[in-house]
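Labels below follow one simple rule: chain letters A, B, ... track the order of the sequence lines, proteins then strands, and each chain is numbered from 1.
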Number of protein chains: 2
Amino acid sequence: MTETRLDLDQYLCFAIHSAAQAVGRANKPLLDKLGLTYPQFLVMLVLWAEDGQTVGGIGDRLFLESNTLTPLLKRLETAGYIHRTRDAADERQVRIRLTEKGRALRETAKGEKIEWVDRVFEGDQDAAQALRQRITALRDKLLPEKLPPAKAALAKPASDKPPKE
Amino acid sequence: MTETRLDLDQYLCFAIHSAAQAVGRANKPLLDKLGLTYPQFLVMLVLWAEDGQTVGGIGDRLFLESNTLTPLLKRLETAGYIHRTRDAADERQVRIRLTEKGRALRETAKGEKIEWVDRVFEGDQDAAQALRQRITALRDKLLPEKLPPAKAALAKPASDKPPKE
DNA sequence: AGGTTATCTATCGCACGCGATATAATCGCG
DNA sequence: CGCGATTATATCGCGTGCGATAGATAACCT
């Protein structure tokens, strides 16, 4: 019959897929304390690092687009963590700004610790870093050509000539 | 200000999260040819290896539960790839069986190739295997211990102080 | 200037993932 | 045997992801 033995773990894509699910579940207790979902927490991380970013700017860092971010940001606004206001200079953009409550949440978050990394790697920080780098390298090779996010934001973009297709 | 520079890639959880998204996008062209979503494809993989499994059996392999699988399986049934029938011996269970169309899809799938693994690893199979193993090891350390139901009860002697909670 | 094109955000629809709960069948135990 | 506990699946609600598309505003071009 079709009793071909199947080991799903032989598929790299399933390994990553299922690992991401497992990580999500492992993060859940911490996020519940903050009252945030994981994507919401990522947005707060981005805003804690730099307030007043645009929807698109946040999306560049998180690899998300407005169809995902707009509803998410509205929920964060309803929860009282952020304000959403059109940029006066460019009315197409929406600037996301932390409220006092949103900034305060950062202190709560700092008090919490991601416990599962220690539990899994048992102090072997090098192994954790190596794995992290390999995974991000894999991701960056898969993503369509987009400028490396954090660094590009630092330097003022000199007007260059993008080669057109 | 709060201009702490943020490198999200320093977080292992974000690395995995974003890598899983990237892998999903990379798989999309292949899945579109098959007319399946990625979770649907995983279910088909499981069934191609062993037909006639129960909902729970499939869920064990994919780390999913009936709240996710039931609607997904109904869609596969609507698409004509599977049948869902109650097990005669145990009417609680639902057996999932491939249709002829479902089996035929396997041949189509075999003709397709996951191209991005080669593109990313450029023939370095060892690197791909090593990464895969590290990721699955991470996942397995994160997942709660699942005891094979009946067997664990046998070995357990009569220490009848159930954990109060 | 005016018309075209590009950019930015929002909206809609669908498919997961999952917590909470419901329902039905089976098991366990006196 | 009967009744409570357990198991298997289903249902409901919400929050993402994401393709497709719409709408408004800005940039561009001759």
For B:Val94, does its backbone N or O pair with a side-chain atom of B:Thr54 as donor and acceptor, under 3.5 Å?
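No: the side chain of B:Thr54 does not pair with the backbone of B:Val94.
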Given A:Leu45 and A:Gln40, is the side chain to side chain contact (heavy atoms under 4.5 Å, CB included) satisfied, shown in steps?
CA-CA 9 Å; A:Leu45 273 182; A:Gln40 288 168 1; over 6 Å; no
Let me know the distance between [atom1] of [X] and [atom2] of [N], rounded to the nearest Å.
{"X": "A:His17", "N": "D:dT16", "atom1": "NE2", "atom2": "P", "result": "18 Å"}
{"X": "A:Gln21", "N": "C:dA15", "atom1": "CD", "atom2": "P", "result": "18 Å"}
{"X": "A:Glu65", "N": "C:dC12", "atom1": "CD", "atom2": "P", "result": "18 Å"}
{"X": "A:Leu62", "N": "D:dC18", "atom1": "CG", "atom2": "C1'", "result": "15 Å"}
{"X": "B:Asn67", "N": "D:dC12", "atom1": "CG", "atom2": "P", "result": "13 Å"}
{"X": "B:Phe63", "N": "C:dC16", "atom1": "CZ", "atom2": "C1'", "result": "17 Å"}
{"X": "B:Leu64", "N": "C:dC18", "atom1": "CG", "atom2": "P", "result": "7 Å"}

Within residues 22-45 of chain A: residues closer than 4.0 Å to DNA chain C (heavy atoms)
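Hits under 4.0 Å, by residue number: A:Arg25.
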Near DNA chain C, counting only heavy atoms under 4.0 Å, which residues of residues 68-77 of chain B show up?
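Correct list: B:Thr68, B:Leu72, B:Arg75.
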Which part of the nucleic acid, if any, lies within reach of B:Arg84 when heavy atoms closer than 4.0 Å are counted: base, sugar-phosphate only, or nothing?
sugar-phosphate
Quick test of your reading: applying salt bridge (Lys or Arg N to Asp or Glu O under 4.0 Å), list the pairs with at least one residue in residues 33-49 of chain B, sequence neighbours left out, ordered by first then second residue.
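Every salt bridge (Lys or Arg N to Asp or Glu O under 4.0 Å) pair that includes a residue of residues 33-49 of chain B, provided the two are not neighbours, is B:Lys33-B:Glu112.
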Is the closest side-chain heavy-atom distance between A:His17 and B:Leu42 below 4.5 Å?
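With C-beta onward as the side chain, the pair touches.
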For B:Glu77, check side chain to side chain donor-acceptor pair (under 3.5 Å) against everything at least two apart and list the hits.
B:Arg84
Who passes side chain to side chain donor-acceptor pair (under 3.5 Å) against B:Glu107, sequence neighbours left out?
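Applying side chain to side chain donor-acceptor pair (under 3.5 Å) to B:Glu107 gives none.
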Just the atom pairs and distances: protein N or O near nucleotides 24-27 of chain C's N or O, under 3.5 Å.
| residue | atom | partner | partner atom | Å |
| --- | --- | --- | --- | --- |
| C:dT26 | OP1 | B:Glu91 | N | 3.3 |

Counting only heavy atoms from other residues, nucleotides and ligands, does the tally under 6.0 Å from OH of B:Tyr11 exceed 12?
no
Please report the C-alpha distance between B:Leu12 and A:Val23 in whole Å, then the side-chain angles of each, then the deciding distance to 0.1 Å, and finally whether the side chain to side chain contact (heavy atoms under 4.5 Å, CB included) criterion is met.
CA-CA 9 Å; B:Leu12 179 54; A:Val23 168; over 6 Å; no
Which of A:Arg61, A:Arg95, A:Arg97, A:Gln93 passes side-chain hydrogen bond (donor to acceptor under 3.5 Å, both in side chains) with A:Gln53? It is A:Arg61
Does A:Ser66 make a side-chain donor-acceptor contact with the base of C:dA10, cut-off 3.5 Å?
yes
Closer than 4.0 Å, any side-chain N/O of A:Arg86 to the OP1 or OP2 of C:dC8?
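For C:dC8, neither OP1 nor OP2 has a side-chain N or O of A:Arg86 closer than 4.0 Å.
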Would you please classify the geometry between the B:Phe14 ring and the A:Phe63 ring as parallel, tilted or perpendicular, with 30° and 60° separating the classes?
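Parallel.
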Quick one: do B:Leu105 and B:Leu98 satisfy side chain to side chain contact (heavy atoms under 4.5 Å, CB included)? Show the steps, please.
CA-CA 10 Å; B:Leu105 191 64; B:Leu98 290 166; over 6 Å; no
